[in-house]
Q: 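I have a structure here, written as structure tokens, and I will follow up with some questions on it.
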Number of protein chains: 2
Amino acid sequence: MSERARTPYILLGLLCHEPMTGYELNATIQRTVGHFWQESFGQLYPTLKDLHARGLVSMSASAAGGRDRKVYTITDDGRAALFRWLAEPPQPSVVRSELLLKVFLASLGGVDDLRPHLEAAVRAANAQITHLTAVRAAVDAEPATEHQRRCWLLTVDLGLRSAEATRAWAERALSEGT
Amino acid sequence: MSERARTPYILLGLLCHEPMTGYELNATIQRTVGHFWQESFGQLYPTLKDLHARGLVSMSASAAGGRDRKVYTITDDGRAALFRWLAEPPQPSVVRSELLLKVFLASLGGVDDLRPHLEAAVRAANAQITHLTAVRAAVDAEPATEHQRRCWLLTVDLGLRSAEATRAWAERALSEGT
DNA sequence: TTTGGCATGTAATCCGTTACATGATTAG
DNA sequence: CTAATCATGTAACGGATTACATGCCAAA
């Protein structure tokens, strides 16, 4: 398993809760950590295959009713690998904001070019706030321990703070006439 | 020029101000937009070559004193391509926070594993705030128009707000005992 | 003289997305 | 019947990083 790949760990982490298919893993990722993490099937399935080859997950295929279904279960080795990774300091995320790049370069041209971008940013931030507020409400309904819910809410909370910061920033920029 | 590549535009944008070498472009990127954008030489030099092949920049090589030096200047075509791109709605940035992933998965294991990560996040946010405060002070010393400075400060401002939001979040998480 | 800054580039690798390809089941 | 959901995968491509390779100039 390569050093920099992180897809394996989100999969191992979710499989720690319960065995799942690749399809279900994808849905769970979107539902729980979708606001700060995403995977594609093109990445997910090969990683699952690799994890299985390395013995970090076990797999039970059932072509029940003709529909393919491969349920993956985490192994002790998988759990050990996950916890080793969790203890390592997280790599700082690479930020690359196309919005800020266009804001920076807006000094070159007409100011009016910037307004639609900022207005879109406000709309996006509002949508994100709406979404995360709904997620926050939904967390309580989840069948999980108090501790699990608190960790999850923590991630939602930073998402909300970031979205609110972005909204406030964009609104101020708009009101100042850029 | 491929649809998704954005490296060409940061280069064209900076070359709009003044002709530069690849080496100088890299330094300028770090100094001005380093807090939300970064490039590597491995990406920069080939892109410059490509831009030249497409006539979006012109190049004058001078082996003055034995030291290689290729100064790139933006062309009218380059300026046109840049402004077309600037008018397009910015693509939302892909966020993938390893910190939040570990926070989310911390529900699985010991709470103590999370503390060092959060403390590191506070330190990183503080360092970022110190850095951006210095940048903000330095912008005034730059030889640029008022409008240019305002656009630049706008990007610094969002960086500061984000860093402050992250710091407040991490400190609260720590004080709540996770 | 040696370190650090200036200066340019290539090769290997890789993580990841998008598009493609296929098919069963279920609800309306 | 048909659309949405469940379900699994491959191939092509691509942007980007890292490591490698080279060499001059100036200052300490």
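We name chains A, B, ... by the order of the sequence lines, and we start the count at 1 in each one. Keep in mind that what you see is a predicted model, and the values were worked out from it rather than measured.
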Q: Scan residues 12-27 of chain A for pairs that pass salt bridge (Lys or Arg N to Asp or Glu O under 4.0 Å), counting only residues two or more places apart or in two chains.
A: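 Passing the test, one end in residues 12-27 of chain A: A/Glu24-A/Arg69.
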Q: Take the angle between the ring planes of A/Tyr72 and A/His52 and call it parallel below 30°, perpendicular above 60°, tilted in between.
A: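 Judged by the thresholds at 30° and 60°, the geometry between A/Tyr72 and A/His52 is perpendicular.
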Q: I'd like a table of atom pairs between the protein and nucleotides 12-16 of chain D - only N or O on both sides, under 3.5 Å - with the distance next to each one.
A:
residue: D/dG15; atom: OP1; partner: B/Ser2; partner atom: OG; Å: 2.0
residue: D/dA16; atom: OP1; partner: A/Arg96; partner atom: NH1; Å: 2.3
residue: D/dA16; atom: OP1; partner: B/Arg6; partner atom: NH2; Å: 3.1
residue: D/dA16; atom: OP2; partner: B/Thr7; partner atom: OG1; Å: 3.0
residue: D/dA16; atom: OP2; partner: B/Gln43; partner atom: NE2; Å: 2.9
residue: D/dA16; atom: O5'; partner: A/Arg96; partner atom: NH1; Å: 3.1

Q: Go through the structure and list residues passing side-chain hydrogen bond (donor to acceptor under 3.5 Å, both in side chains) with A/Arg6, not counting sequence neighbours.
A: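 Checked A/Arg6 against side-chain hydrogen bond (donor to acceptor under 3.5 Å, both in side chains); zero matches.
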Q: Nearest whole Å is fine: how far is C/dT18 C1' from B/Gln91 CD?
A: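 Answer to the nearest Å: 14 Å.
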Q: Distance check needed: D/dG9 P versus A/His52 NE2, whole Å only.
A: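 So the two atoms are 11 Å apart, to the nearest Å.
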Q: Output one letter per nucleotide in nucleotides 3-8 of chain D: B when a protein non-hydrogen atom lies under 4.0 Å from the base, S when only the sugar-phosphate is that close, - when neither is.
A: --SBBB
Q: Within this structure, what is the CG-to-P distance between B/Asn26 and D/dT17, rounded to whole angstrom?
A: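 Atom-to-atom, B/Asn26 to D/dT17, this comes out as 11 Å.
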Q: Under a 3.5 Å threshold, yes or no: a donor from one side chain and an acceptor from the other, between B/Trp37 and B/Glu39?
A: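 Note: B/Trp37 and B/Glu39 side chains meet the donor-acceptor criterion.
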Q: Counting just side-chain N and O atoms, does A/Lys49 come under 4.0 Å of either OP1 or OP2 of D/dT10?
A: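 It does, given that an N or O in the side chain of A/Lys49 lies less than 4.0 Å from OP1 or OP2 of D/dT10.
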Q: Tell me who clusters with A/Tyr23, hydrophobic residues only, linked when side chains sit under 4.5 Å apart either directly or through other members.
A: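 Taking Ile, Leu, Val, Met, Phe, Trp and Tyr as members, A/Tyr23 shares its hydrophobic cluster with A/Phe41, A/Tyr45.
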Q: Please give, in whole Å, the distance from C/dC15 C1' to A/Ile10 CD1?
A: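 Taking atom C1' of C/dC15 as the reference, CD1 of A/Ile10 is at 16 Å.
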Q: Have a look at A/Glu142 and tell me which of A/Arg149, A/Arg150, A/Arg136, A/Arg31 forms a salt bridge (Lys or Arg N to Asp or Glu O under 4.0 Å) with it.
A: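 The option that passes is A/Arg31.
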Q: When clusters are formed from ILVMFWY side-chain contacts under 4.5 Å, directly or step by step, what else is grouped with A/Val94?
A: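 Under the 4.5 Å side-chain rule, A/Val94 groups with nothing.
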Q: So does A/Leu56 get a backbone contact from the side chain of A/Thr75, meaning a donor-acceptor N/O pair under 3.5 Å?
A: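 Pair found, side chain donor or acceptor close to backbone of A/Leu56.
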